[in-house]
Amino acid sequence: MRQHVNPLSRFFQLPLELPAPAALFSDPSQPIHLDIGCARGRFLLALAQQQPAVNHLGVEIRRALVQAAEADRQALALGNLHYLFCNANVSLQAWMAALPAGQLDLVSIQFPDPWFKKKHHKRRVLQPELLLAIAAALAPGKHFFIQSDVPAVIDPMVALTEACGCFSRPAIDARPWRASNPLQVPTERETYVLNQGLPVYRVLYERNEAPLPELAVLEQWLEATDNPLDSAVPTA
């Protein structure tokens, strides 16, 4: 059973200064894969062993899961993997902005917590400010991967990402959903869903050359989408 936490509670709104790559990885110069909402982290534990030339960072808002994942990592002495406790929408943006240009190779958000009620939409992990921070940190050609087994979760993520205008889908990928996981290592949730014979909805994005839109414009778009009868995007 997935245990939700409210990311908007006062405790989770306290910003944390996250360690730089030099304090996290044996070789901090390697390209970085950032997995937002890594949960127990077993997916990254397997992937880091398969991809030793990539540094993997999992961030998670549930501290107990981070502590358990870090214990597994330390037991295997993996120098290209680390887990950190934080609220991605509060503490991750400054960390990404401080990375050397081009080092962030991939950002993934997989099976995030569902917040179905309209009043809870601000608790969703992919908010406009975080999306723009991801777009700013990814150089053209780098990738952003999202997946979920719940259409009501993945559809708003796709809509927001495409409204941003900073990401394109590889021409070879199937529409509306990519057929396979490009990371090749499934998460625990992904394995469970597939074993039930249920679909997983995946999209792989590539950072394009488009400049970042203004945050206020993207927030206004989201407000209009969430409240179509109450909000209207002004026209020129």
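Sequential numbering from 1 along the given sequence is applied to the chain's residues.
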What closest approach, in Å, do C38 and L44 show between heavy atoms, and which atom pair accounts for it?
CB-CD1, 4.1 Å
Which atom names give the shortest non-hydrogen contact between V54 and N80, and what distance separates them?
O-ND2, 3.0 Å
Do L65 and L47 share a hydrophobic cluster (ILVMFWY, side-chain heavy atoms under 4.5 Å, transitive)?
no
Counting only N and O atoms by type, is there a donor-acceptor contact under 3.5 Å from the side chain of R207 to the main-chain atoms of A210?
yes
Going by side chain to side chain contact (heavy atoms under 4.5 Å, CB included), name the residues that satisfy it together with V66, two or more places apart in sequence or in a different chain.
E60, Y83, F85
What pair of heavy atoms forms the shortest contact from P140 to N208, and how long is it?
CG-O, 3.9 Å
Using the rule that Ile, Leu, Val, Met, Phe, Trp and Tyr join whenever any side-chain heavy atoms are under 4.5 Å apart, tell me whether F43 and L76 fall into a single cluster.
yes
Of the non-hydrogen atoms in Q110 and F145, which two are nearest, and what is the gap between them?
OE1-CE2, 4.0 Å
Quick one: which residue pairs count as a salt bridge (Lys or Arg N to Asp or Glu O under 4.0 Å) with a foot in residues 72-83, not counting sequence neighbours?
R40-D72, E70-R73
Sole residue of L131, L204, L106, V203 in side chain to side chain contact (heavy atoms under 4.5 Å, CB included) with F144:
L131
Identify the heavy atoms of H82 and L24 that sit nearest to each other, and give their distance.
ND1-O, 3.4 Å
Specify the closest pair of heavy atoms between V125 and N89, including all atoms of both residues, with the distance to one decimal.
O-ND2, 2.7 Å
Flag yes if L130 and W95 sit in one hydrophobic cluster, no otherwise; membership is Ile, Leu, Val, Met, Phe, Trp, Tyr, and two members link when side-chain heavy atoms are under 4.5 Å apart.
yes
